[in-house]
Amino acid sequence: MKRSVTRNLMKMIASAMGAVGAASAMAVTVFAEGEAAADSTATGGSAWVQLLGSLIPFVIAIVLMYLILFRPQKKREQEAQKMRDNVRIGDEVCTAGGLIGIVIRVAEDSIVMETGGERSKIRVKKWAIHENITQMEEAAAAEKERKAARQKGIALAAEKNDSDKKKS
């Protein structure tokens, strides 16, 4: 589903960019015609208005690119940095290289993790931590509990409505 939403979003962007390009081409044509008319009538005010009118689609395109591309990327980077800062002793982590281990020591910019059957200790920079498996499992368990509580609340409300209907 996420892929289809992304695909639909990209189609919308492409159509918007096409509209921006068409509007820009029309604005350039109008600007050229307006410039010829301005030269013949010796008025320069309309040329500036047309120039600003041709820049508006580009400004809109830049704002859309920021909102659709750069802002979500910045948010993902902030979440990843927060995850790296919240690594604790005893967490199971996976590095960008695919090493999985349990954190046994946390320093300012690195961690020491224990991995393998022989309990090999490896020192890894914090920026290399790709995911915190323990935090992901805790978040999934909390989400499952939240859904169960919601379902229980819905079931209780339905039972209450049924009992109210039977009484009347």
Side-chain angles (χ1 to χ4, degrees), residues 1-25 54-168:
M1 178 163 169
K2 186 176 181 182
R3 185 172 281 170
S4 66
V5 171
T6 305
R7 200 174 285 148
N8 289 338
L9 186 61
M10 293 307 288
K11 285 181 184 178
M12 287 175 28
I13 292 170
S15 64
M17 292 303 241
V20 168
S24 174
S54 67
L55 291 177
I56 289 175
F58 293 112
V59 171
I60 291 172
I62 290 171
V63 168
L64 284 175
M65 284 180 58
Y66 171 77
L67 291 175
I68 294 171
L69 298 175
F70 300 124
R71 194 168 165 210
Q73 176 65 27
K74 187 176 180 181
K75 186 177 179 181
R76 282 191 295 270
E77 288 174 2
Q78 287 176 346
E79 288 174 358
Q81 185 62 37
K82 183 179 174 185
M83 179 268 305
R84 290 181 185 113
D85 290 340
N86 291 330
V87 171
R88 301 179 310 256
I89 295 174
D91 284 351
E92 185 176 9
V93 296
C94 179
T95 66
L99 296 172
I100 299 175
I102 297 173
V103 177
I104 59 173
R105 187 172 34 161
V106 178
E108 183 71 26
D109 64 342
S110 64
I111 64 164
V112 177
M113 63 186 226
E114 190 175 81
T115 183
E118 290 123 22
R119 297 184 166 218
S120 304
K121 292 182 177 77
I122 301 172
R123 185 172 170 215
V124 180
K125 291 284 192 180
K126 277 190 175 179
W127 59 262
I129 299 173
H130 181 66
E131 63 183 347
N132 188 333
I133 298 168
T134 305
Q135 284 180 359
M136 289 174 50
E137 289 172 351
E138 289 172 357
E143 180 70 18
K144 187 176 180 181
E145 288 176 12
R146 188 187 65 79
K147 285 183 179 180
R150 183 169 185 249
Q151 287 297 326
K152 185 178 179 182
I154 291 171
L156 289 175
E159 288 176 8
K160 181 180 179 190
N161 287 340
D162 290 341
S163 66
D164 289 344
K165 288 179 184 178
K166 289 179 182 178
K167 288 180 182 177
S168 53

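Because only heavy atoms are used, hydrogens play no part in the values below, and waters and symmetry mates are left out as well, while side chains stay in.
Taking 4.5 Å as the limit, some side-chain heavy atom of Ile129 sits within range of a side-chain heavy atom of Val87. Side-chain contact between Ile133 and Val93: absent, with no pair of heavy atoms (C-beta onward) separated by less than 4.5 Å. Looking at heavy atoms from C-beta onward, Lys121 lies out of side-chain contact with Met113 at the 4.5 angstrom threshold. A 4.5 Å side-chain heavy-atom check between Glu114 and Ile104 finds at least one atom pair inside the cut-off.
Of the inter-residue distances, the one linking Thr95 atom OG1 with Ile122 atom CD1 reads 8.0 Å to the nearest 0.5 angstrom. Atom-to-atom distance recorded for Gln73:CD and Tyr66:OH is 12.5 Å, nearest 0.5 angstrom. How far CD1 of Ile60 is from CG of Leu55: 11.0 Å, rounded to the nearest 0.5 Å. Interatomic distance, Glu143 CD to Glu138 CD, rounded to the nearest 0.5 Å: 14.5 Å.
Nearest heavy atom pair, residue Thr115 against residue Gly101, reads CB-CA, 4.2 Å. Minimum interatomic distance between Met83 and His130 (heavy atoms only, all atoms of both residues): CE-O, 3.7 Å. When all heavy atoms of Leu67 and Arg71 are compared, the pair lying nearest together is CD2-NH1, 3.8 Å. When all heavy atoms are compared, the tightest approach of Ser54 to Pro57 is O-CD, 3.4 Å.
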- Query: Are Lys82 and Asp85 close enough, and set up right, to give a salt bridge (Lys or Arg N to Asp or Glu O under 4.0 Å), and what steps lead you there?
  - Reply: CA-CA 5 Å; Lys82 183 179 174 185; Asp85 290 340; over 6 Å; no
- Task: Before giving the answer on side chain to side chain contact (heavy atoms under 4.5 Å, CB included), spell out for Arg88 and Val106 the whole-Å C-alpha distance, their side-chain angles and the decisive distance to 0.1 Å.
- Result: CA-CA 7 Å; Arg88 301 179 310 256; Val106 178; 6.0 Å; no
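Without hydrogens or angle criteria, Thr134 side chain to Glu92 main chain gives a donor-acceptor distance under 3.5 Å.
No side-chain donor-acceptor contact under 3.5 Å links Gln81 and Glu77.
Just one of Lys126, Lys125, Arg105, Arg84 meets the side chain to side chain contact (heavy atoms under 4.5 Å, CB included) condition when paired with Ile111; it is Lys126.
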